[in-house]
Amino acid sequence: MQFEEVAKAFNEIEKRSGRLEMTDLLARIFEKASPEEAERIAYIIQGELRPPYEGIDLGMGEKFVLEAIRKASGYGKSKVEQEFESEGDLGLVAEKLLGKKRQQSLFQTSLSVLSVYNSMFRISKAGGSGSQGMKINRLVEMYNNATPIEAKYITRFVLGQLRLGVGDPTILDALSVSHEGDKSWREPIERAYNLCSDIGHVARVFLEDPEKIRDFKIEVFKPIMPAMAERLANPKEIIAKLGKCAVEYKYDGFRIAVHKKGNRVEIYSRRLEKMTHMFPDVVAAVQNLRPREAIFEGEALAFNEEDKRFYSFQETMHRRRKYGLETAAKKYPLYVFAFDLHYLDGEDCTTCPYLERRKKLESFLSSKGTIKPSTMRIVETAKEIDSLFQAALSMKLEGIMAKDLKAPYTAGKRKFAWIKLKKSYGQEMDTIDAVIVGYYRGKGSRARFGFGGILVAVYNDETSRFETIAKVGSGFTEDEMGRFQKMLEEDKVKRPPTNLDYEMDPDFWVHPRHVVEVAYDNITRSPTHTCGREKGKGLALRFPRMIRIRDDKGPFNATTTKEVEEMHKFS
DNA sequence: CCTGCCTGCCC
DNA sequence: ATTCTGC
DNA sequence: GCAGAATGGGCAGGCAGG
């Protein structure tokens with residue numbers, strides 16, 4: 001199968017907004033593809049080469065691609081950058097600039113789906129001294145053989161972002177449609193995918209023999225797609241939705257899936273990357289558990305033995321490393337709070353009701369040691385939920401998770417089987433009023449607004465200077481993006497404000513004039529933001545989002561550095 | 001050998 | 001992670 | 001409500017270049 005055929009189909013899919021049409025177009029590709037090609041195409045749409053637990057990545061981002069386009073097109077660096085600025089999409093830049101060159105030179109060889117995939121694979125394998133140049137050169141070679149449309153999707157693939165409007169569920173539907181003409185196979189296909197987490201494998205098996213898609217089973221050392229939680233604003237809504245339910249603390253660490261078979265243990269991240277080597281202490285603890293075979297999920301976070309408090313997520317992050325594990329393990333001892341069970345000694349537990357899974361989980365965990373069950377209570381009233389929620393906050397935890405007692409494990413789905421409640425979802429959300437000092441051009445669909453987000457600062461009334469505290473790119477409606485762009489363009493200045501301490505460079509600086517209310521979950525120590533900087537470390541907002549513009553406030557009555565420091569101290 | 005840039009992956 | 005939008 | 005695509009802070013690790 002020629003890659004050009006696939007690229008043209010992608011181009012059609014991208015133009016549509018109706019899911020049914022997109023699914024049909026994709027199904028037509030699968031109809032024509034061999035099982036092997038379907039496997040590759042499925043990975044390509046995901047922007048991946050292999051399932052996540054194999055740990056294969058291209059190691060190429062925007063800067064590398066920019067360089068490859070420059071080399072392949074013969075244009076100067078600034079020309080390519082300038083095109084990128086206006087298009088907001090390197091795929092479009094490649095299509096445009098390589099297209100112009102194309103007219104002057106002859107095709108060398110035509111690309112097939114398999115040859116494109118194989119070239120990408122070779123790029124991913126490059127490592128060591130000189131590998132960056134090699135990766136770029138390989139991409140240049142592909143560009144030299146690509147039509148403009150092919151170049152667009154090759155580029156986006158390398159960046160892991162096809163922007164077709166097609167995600168996993170649409171691929172699964174398209175497989176069904178390709179075989180049966182409708183979505184009737186979606187359920188077994190989806191189940192197979194949730195159990196193996198490997199979209200290419202699913203596509204291949206389904207094309208080879210559709211019936212085989214029913215044979216997938218949960219297996220130790222094959223991580224399943226994680227269940228996700230919906231959000232609600234307060235305990236009352238949770239009771240209205242679930243009635244009597246379980247409430248667990250929500251711990252602010254890494255979500256891990258622990259697989260055990262005899263003495264062998266593997267640990268996978270939420271995105272199913274293998275992270276076993278980072279947690280020798282957890283592995284040892286798991287080896288001592290009673291079951292011979294088990295798969296369970298938990299949250300791993302570091303605990304400070306001295307002041308008997310959990311470390312912040314930021315500090316727990318130090319455990320996510322390859323080298324210096326022993327030192328880190330000593331300094332940041334981990335606890336794993338297990339909260340769900342997928343498999344136990346030959347039995348698939350994912351179809352059992354929550355409460356049953358929970359009981360089996362508790363049956364082999366003690367409440368002491370490295371691995372213990374997450375704190376859980378069964379409640380019937382909003383008041384009970386609220387008191388658990390308050391208790392969680394007082395322990396420096398994120399909030400709570402409420403769980404439907406009867407629901408099976410909803411692999412791969414965001415469902416109301418699990419509902420999370422955090423402080424920032426309700427009325428007591430923390431906000432600051434910050435001054436806009438710069439803004440960004442948007443990428444992708446935001447390029448048409450010329451707006452992607454803002455850089456904001458607070459006022460230090462002791463030094464009379466502004467200090468950056470966050471970039472804000474979430475919380476804008478499309479309408480607001482247009483309005484912000486218009487408003488800020490008028491205040492654009494060539495140089496950064498002289499009364500601003502900063503390290504980040506926005507695309508445009510603006511005169512500090514407009515104030516916005518920004519919500520956040522947390523205040524963290526920052527290596528890059530300058531708010532309240534001490535010894536090179538400032539303060540920043542975790543999960544910042546725009547709430548509203550504050551026309552009633554001027555830059556000097558925005559939140560002050562001192563206030564931010566206070567809030568940081570007491571959180 | 002150190003530093004900065006870039007990337008990928010945690011949340 | 002949060003948030004917005006088209007269907 | 002689903003599915004997808006925008007966007008955030010910050011850490012570690014790999015590589016290039018001084």
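Letters A, B, ... mirror the listed sequences (proteins, then strands); counts begin at 1.
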### Query
What distance separates A:R483 CZ from A:T477 OG1, expressed to the nearest 0.5 Å?
6.5 Å
Quick one: [X] [atom1] to [N] [atom2], roughly how many Å, whole number?
{"X": "A:L172", "N": "D:dG4", "atom1": "CG", "atom2": "C1'", "result": "14 Å"}
{"X": "A:D507", "N": "D:dT7", "atom1": "CG", "atom2": "C1'", "result": "14 Å"}
{"X": "A:F313", "N": "D:dG9", "atom1": "CZ", "atom2": "P", "result": "14 Å"}
{"X": "A:I136", "N": "B:dC6", "atom1": "CD1", "atom2": "P", "result": "11 Å"}
{"X": "A:Q161", "N": "D:dA5", "atom1": "CD", "atom2": "P", "result": "7 Å"}
{"X": "A:R163", "N": "D:dA3", "atom1": "CZ", "atom2": "C1'", "result": "17 Å"}
{"X": "A:H529", "N": "D:dG10", "atom1": "NE2", "atom2": "P", "result": "6 Å"}
{"X": "A:D57", "N": "D:dG14", "atom1": "CG", "atom2": "P", "result": "11 Å"}

### Donor on one side chain, acceptor on other, A:S312 and A:E315, under 3.5 Å
yes
Electrostatic pair [X]-[Y], nearest N-O below 4.0 angstrom:
{"X": "A:D521", "Y": "A:K422", "value": "yes"}
{"X": "A:D198", "Y": "A:K222", "value": "no"}
{"X": "A:K423", "Y": "A:E428", "value": "no"}

### Task
Would you tell me if any nitrogen or oxygen in the side chain of A:S526 comes within less than 4.0 Å of OP1 or OP2 on D:dG10?
yes
Closest to side chain of [X], choosing from [options]:
{"X": "A:F416", "options": "D:dG13, D:dG1, D:dG4", "result": "D:dG1"}
{"X": "A:K443", "options": "D:dA3, D:dG14, D:dT7", "result": "D:dT7"}
{"X": "A:T524", "options": "D:dG10, D:dG8, D:dG14", "result": "D:dG10"}
{"X": "A:K415", "options": "D:dG9, D:dC2, D:dC11", "result": "D:dC2"}

Using a cut-off of 4.0 Å on non-hydrogen atoms, how would the nucleic acid contact of [X] be classed: base, sugar-phosphate, or nothing?
{"X": "A:G127", "answer": "sugar-phosphate"}
{"X": "A:R186", "answer": "sugar-phosphate"}
{"X": "A:Y440", "answer": "nothing"}
{"X": "A:G59", "answer": "sugar-phosphate"}
{"X": "A:Y520", "answer": "nothing"}

### Query
Using a cut-off of 4.0 Å between protein heavy atoms and nucleotide atoms, how would you tag nucleotides 1-7 of chain C 5' to 3' with B, S and -?
SBSSSSS
### Message
Only Watson-Crick and G-U wobble pairs with both distances less than 3.5 Å should count. Give DNA chain B in dot-bracket notation, marking inter-strand partners with |.
### Response
|||||||||||
### Task
With sequence neighbours excluded, tell me which residues meet side chain to side chain contact (heavy atoms under 4.5 Å, CB included) with A:E67.
A:R70, A:K71, A:I136
### Message
Show, in sequence, the C-alpha distance, side-chain angles and deciding distance for A:Y439 and A:F484, and conclude whether the ring-ring contact (aromatic ring centres under 6.0 Å, His included) test is met.
### Response
CA-CA 9 Å; A:Y439 72 102; A:F484 269 72; 9.5 Å; no
